[in-house]
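First comes the structure, then the notes that go with it.
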Protein chains: 2
Amino acid sequence: MLPARVTIHDVARAAGVSVATVSKVANGRYGVAQNTIAKVSAVIDELGYETSLVARSLRSHRTNVIGILVAGFEPFSTELLKGISAAAVGSGYELLAYAGALTDEARVGWERRSLSRLAGTLVDAAIIVTPTVQVAGAPVPIVAIDPHTGLGDVPAVDTDNAEGARIATRYLISLGHRRIAHVRGRGDLQSALLREQGYRESLAEAGIAFDPDLVREGAYWGKPTTRAAQELLSLPDRPTAIFAANDLSAVRVLDVAREMGIRVPEELSIVGFDNVPESATSTPQLTTVAQPLHDMGAQALQMVVQMLRRGELEQQYVHLPAHLVVRQSTAPAPSPAAIADAQSRAASQAV
Amino acid sequence: MLPARVTIHDVARAAGVSVATVSKVANGRYGVAQNTIAKVSAVIDELGYETSLVARSLRSHRTNVIGILVAGFEPFSTELLKGISAAAVGSGYELLAYAGALTDEARVGWERRSLSRLAGTLVDAAIIVTPTVQVAGAPVPIVAIDPHTGLGDVPAVDTDNAEGARIATRYLISLGHRRIAHVRGRGDLQSALLREQGYRESLAEAGIAFDPDLVREGAYWGKPTTRAAQELLSLPDRPTAIFAANDLSAVRVLDVAREMGIRVPEELSIVGFDNVPESATSTPQLTTVAQPLHDMGAQALQMVVQMLRRGELEQQYVHLPAHLVVRQSTAPAPSPAAIADAQSRAASQAV
DNA sequence: CTGTTAGCGCATTCAC
DNA sequence: GTGAATGCGCTAACAG
């Protein structure tokens, strides 16, 4: 049988005082005799009493905990968590991360839902990770990380997505690639648009004509990306490089290439985006555009704490730079002869 | 100014009904007229009302959320989180991860403290990550992952630490190493003891005398590990391989070796433990003993859900196997001649 | 069918 | 210094 939780009443009864007195000593308030304090403290220790976060927050509307609202715990959000956690040490605040999009009904609108459920009661402030809808009018200070709706009226921190994409594409061009495909992210998300835009700009910059056939939607995750990669790699005039909108899809492209017998990076170069630690665990290791995820998390935490302490924020919007991390999934473009050779080999195999 | 949270009262007033009715509609209870449902639902949508997790849990003692109690968000706990999160999709439960050891006073005893604060009200059950104290007598079902106190009376899932250490050490021996050092984990933790034990057993197995001078405490983290590595690598008869108790310390050893100008893996082989994704991002990539962290998380979630549903658990204790992941930080032991040469080079440099 | 009543565990007045 | 009363937002039991 599960033992019941020890409440303030249990402590009061055991110590022979009223619940109000227990509350005072538990919270270090004035107006209690030394003797009483000692007695009650002893009982608290003995019974292992801790105030319930729930009851306390309902009453006092202050908990000293900062909420982090995520859809689920995956490589991207957990990297942010690491940065937030490191920055929170010694801040006096505790952290509560809530995954609110795990059930089917909650897949859309989880941001608002989670916020309503937690804010104003459980958490003093919130950091929302990758919200896909506008979340204005919260009852507590909030900061968004990588808001997918673009800048709204909530303070936010994000990475320069367009510049990151430009860097990736320029790098591929510098390697001699000309047929560079793009597996883009979810079309309804700002970051996906910006990354595609950066890709196009770099192409234009280098005087390479944009070929709509080389852009497919991968929606940032496995299933659609697999399809996109298969289509791209089955093209008669197959691309020699693919810039994927994030690491997750880049790794998928890698898998598809392997299944199709296409060697990376010899026959195909691949660049991802995000630089989650997993991007280094693939074979070959992924070349990718790094978002400073830990820094982004730390920044968000500092902003939220500043709002909590000062009520105001110096800078509403923090835009961090991206940079390229070159690993092993990229190489100089194969020569036209090599391409023709590979194609004919593939064709003969297919027969 | 922050807008106030919209409560059930606001909805009731706006819809012209009692709060009880709103509660019924919001929770889909029977006994409300169609008309009323429609009207109240409309107001709920319009106002964007969501029941407060806090208030609801205080009243009904059931929230449909499972708590995950961690000290902080770092590579180890977040890997577990990923596994738990993936397993929770479609389970009908939401996840709340609480980092309770971020402030200084809470560094010790955070498990019990967090549990008291959340359990019995906020969460229906809890998964505790790496508790360092016994946590019996909780008011809700709990499962421990990697309990550092050894098996108590709480259900748990962990990895075969001793066997993992044996595998790592045997591998180094098979590479020809004879002077194999060990940077052990926190001496008060079960896992550290078991890993050292496995290390010693493999040594004995191969007929290699145990040298107490080759074992130093790294306590699983950076600072002490740096010292331990410096001492080990300054030994007159320096080890040719180091088995570190976890990846974090293994990477530290790598850093120290680099600073001291010792080449890895040519002059020194290093093996870690855990296989957190970060272990693949080091240069060279770390050879390590993999704990199936995602599986462990998923298992723990399933156990907790089973307890919630059935009240009972089939298997109180799940012990998962470890396996070796060979990457680039290990190589055959250098020949005695090579060692002598390197030592003399170093000596002449020091002068 | 709907509203009223009574707590859930706690912190905060305000009397005593 | 201390205790009894009150209410935080909500749901369950009951009364109307």
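Treat the numbers as computed from the prediction; the structure is a model and nothing was measured.
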Can you name the residues that form a side-chain hydrogen bond (donor to acceptor under 3.5 Å, both in side chains) with [X], not counting sequence neighbours?
| X | answer |
| --- | --- |
| B:S41 | none |
| B:S114 | none |
| B:D124 | B:T63 |
| B:T132 | B:E111 |

Kindly state each residue pair satisfying salt bridge (charged side-chain N to carboxylate O under 4.0 Å, His left out) with at least one member in [range], sequence neighbours excluded.
| range | result |
| --- | --- |
| residues 16-38 of chain B | none |
| residues 79-101 of chain A | A:E79-A:K82, A:K82-B:E278, A:E94-B:R113, A:E94-B:R117 |
| residues 3-16 of chain A | A:D10-A:R13 |

Axis-to-axis angle across the helix from C:dC1-D:dG16 to C:dC16-D:dG1, five pairs each end, nearest 10 degrees, ~ 50°
Min and max contacting nt of DNA chain C in 5' to 3' order, chain B heavy atoms within under 4.0 angstrom, are C:dC1 to C:dG9
Sorted by chain and residue number, the ring-ring contact (aromatic ring centres under 6.0 Å, His included) partners of B:H319 (sequence neighbours excluded) come out as B:Y317
Given protein heavy atoms under 4.0 Å, the one-letter contact record of nucleotides 9-16 of chain D, with B base, S sugar-phosphate only and - none, is simply BBBB----
Output a table of donor-acceptor pairs, distance under 3.5 Å, between side-chain atoms of residues 83-92 of chain B and any protein atom two or more places apart or on a different chain; print 'none' if there are none.
unit_1, atom_1, unit_2, atom_2, d
B:S85, OG, A:F73, N, 3.0
B:S91, OG, B:A88, O, 2.7
B:S91, OG, B:Y93, N, 3.1

